[in-house]
Amino acid sequence: MASARKTGTRLRLKEPENRATFQSALIEWFRQHGRDLPWRRTHDPYAVLVSEFMLQQTQVATVIDYYHRWLERFPTVEALAAADEADVLRMWEGLGYYARARNLHAAARRVRDEYGGRFPRELEKIAALPGVGRYTAGAVASFAFDLSAPIVEANTARVLARLIHLRIPIDTAPGQRALWAAAEELTPAAEARLYNSALMELGATVCRSRAPQCLLCPVLRYCAAAPHDPERLPIKKARKATIALTEDCAWIVHEGRLLLQQGVGSRWKGLWKLPPLADPLANGEEPLMQLAYPFTHYQVTLRVFPAPAPLVPGANQAWCPLEGLETVAMAAPHRRAVRQLNK
DNA sequence: AACACGGGGAT
DNA sequence: ATCCCAGTGTT
């Protein structure tokens, strides 16, 4: 093994015997260098599911505190299934992508109602849970049950794209097909839990997006990108241009209560926010405050204007006592505005 | 295939 | 500013 590195021999992952040594080298490296993350201390499928939902498009450092608080509040799948959606959203507040919270809640109820509270151990049944796609299904199957299931997410996509020197964009159907095919070929029949953890960990700490640490890589001699410029991979489609827009909302306090409106569409559904102001007060009033927040490819300026109290709250609106504002789930930019104005 | 969906971290 | 992040569901 060491001689291969010294002599610079490139090993082709097309050969099954090389795949076996690749897997072993990766796992051995992980045993020595893998981080101690909270969700790696358990095989409880519910805890794994919680972590995987939270980690969708969300960085590890952001998730850790939420993960601990969540399991303290909803320690079991039964506890979550029995919870109210308002409490679920309140615990998720600030994490974003709130459909994840509603889907996790629905998944818990599905496990309770369809499987008698016993988590399904088949990949197909896991994948059928709401909010569980191909990645999350493979992650739960391998991390909780050590089933041999491939995974492709940000870290492993980058690692695989470099390993096979994939020169097409990974965020296209052909690119995804190639990555999943590679993941399937390389996932071992045994020890998939360790292997999948190791592949992700390699992408997170060594085979990084910027400044990959190829000199520290345990599988460098299998990497087809190594003779080229690994940092140029993976290729992605061009991004959309950022669009600036303005949102105006109302600050209406009456008898110690603030008027709030609940999101009903797809965005911030179930969360509370300041009521939107369609007409930015044609009288040319000054905003009480404004703040900026990014949203996908938009840069939004949120302006808050004082407004008179309505005789009755509109649809999906309610008065919230000023001292009770922290108990309701609120969209993050509105939370910022409310905290500042309530001081 | 394109889009919607949040929010924060890192450079 | 810009890119990125343990993605999924809808159109």
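Sequence lines set the chain letters: A, B, ... in the order given, protein chains first and strands last, and positions in each chain run from 1.
No more than 12 heavy atoms of other residues, nucleotides or ligands shown are found within 6.0 angstrom of CD on A:Glu72.
Comparing C:dG7, C:dA6, B:dC3 against the side chain of A:Trp39 picks out C:dA6 as the nearest. With C:dT8, C:dC5, B:dG6 as the candidates, the nucleotide lying closest to the side chain of A:Lys236 is C:dC5. Closest to the side chain of A:His297, out of C:dA6, B:dA2, B:dA4, is B:dA4. Listed nucleotides: C:dT8, B:dA1, B:dA4. Nearest to the side chain of A:Ser266: B:dA4.
Each of A:Gly131 and A:Leu37 lies near DNA chain C, and the nucleotide nearest A:Leu37 is the one positioned closer to the 5' end. Along DNA chain B, the nucleotide closest to A:Arg267 and the one closest to A:Thr172 are compared, and the more 5′ of them pairs with A:Thr172. Toward the 5′ end of DNA chain C lies the nearest nucleotide of A:Thr242, the other residue of the pair A:Asn155 and A:Thr242 mapping further downstream.
A:Lys269 comes within 4.0 angstrom of no nucleic acid atom, judged by non-hydrogen atoms across all strands. At the heavy-atom level, A:Arg158 lies under 4.0 Å from the strands shown only through sugar-phosphate atoms. Contacts of A:Thr156 with the nucleic acid, taken as non-hydrogen atoms under 4.0 Å apart, are absent. When heavy atoms are screened at a 4.0 angstrom cut-off, A:Val60 is found touching base atoms of the nucleic acid. A:Ala204 comes within 4.0 angstrom of no nucleic acid atom, judged by non-hydrogen atoms across all strands. Residue-level contact check: A:Leu199 touches neither bases nor backbone, having no heavy atom under 4.0 Å from any strand. Nucleic acid contact class of A:Arg239 (heavy atoms, under 4.0 Å, all strands): base.
Ion pairing between A:Glu201 and A:Arg35 holds under the 4.0 Å rule for side-chain N and carboxylate O. A salt bridge links A:Glu247 with A:Arg267: the distance from a Lys NZ or Arg NE/NH1/NH2 to an Asp or Glu carboxylate oxygen falls below 4.0 Å.
C:dA6 and B:dA4 have their P atoms separated by 24 Å, with the value rounded to a whole Å. One P atom belongs to C:dT11, the other to B:dG6, and the distance between them is 15 Å to the nearest Å.
Contact check, A:Thr136 against C:dT8: a side-chain N or O comes under 4.0 Å of OP1 or OP2. The shortest distance between the side-chain N/O atoms of A:Lys237 and the OP1/OP2 oxygens of B:dA2 is below 4.0 Å.
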Look for any protein N or O under 3.5 Å of an N or O in nucleotides 7-11 of chain B and output each such pair with its distance, or none.
residue, atom, partner, partner atom, Å
B:dG7, OP1, A:Tyr98, OH, 2.9
B:dG7, OP1, A:Ala332, N, 2.9
B:dG7, OP2, A:Trp268, NE1, 3.2
B:dG7, O3', A:Gly94, O, 3.4
B:dG8, N2, A:Gln59, OE1, 3.3
B:dG9, O4', A:Gln59, NE2, 3.0

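Between A:Glu114 and the options A:Arg110, A:Arg118, A:Arg112, a salt bridge (Lys or Arg N to Asp or Glu O under 4.0 Å) holds for only A:Arg110.
Between A:Phe145 and A:Phe119, the ring planes lie tilted relative to each other; the angle falls in the 30° to 60° range. Aromatic ring orientation, A:Trp268 versus A:His334: perpendicular (interplanar angle above 60°, classes split at 30° and 60°). Between A:Tyr222 and A:Phe22, the two ring planes are perpendicular [angle over 60°; tilted spans 30° to 60°].
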task = Begin from the C-alpha positions of A:Asp87 and A:Arg90 and carry the test salt bridge (charged side-chain N to carboxylate O under 4.0 Å, His left out) through to its verdict.
result = CA-CA 5 Å; A:Asp87 293 329; A:Arg90 180 66 187 89; over 6 Å; no
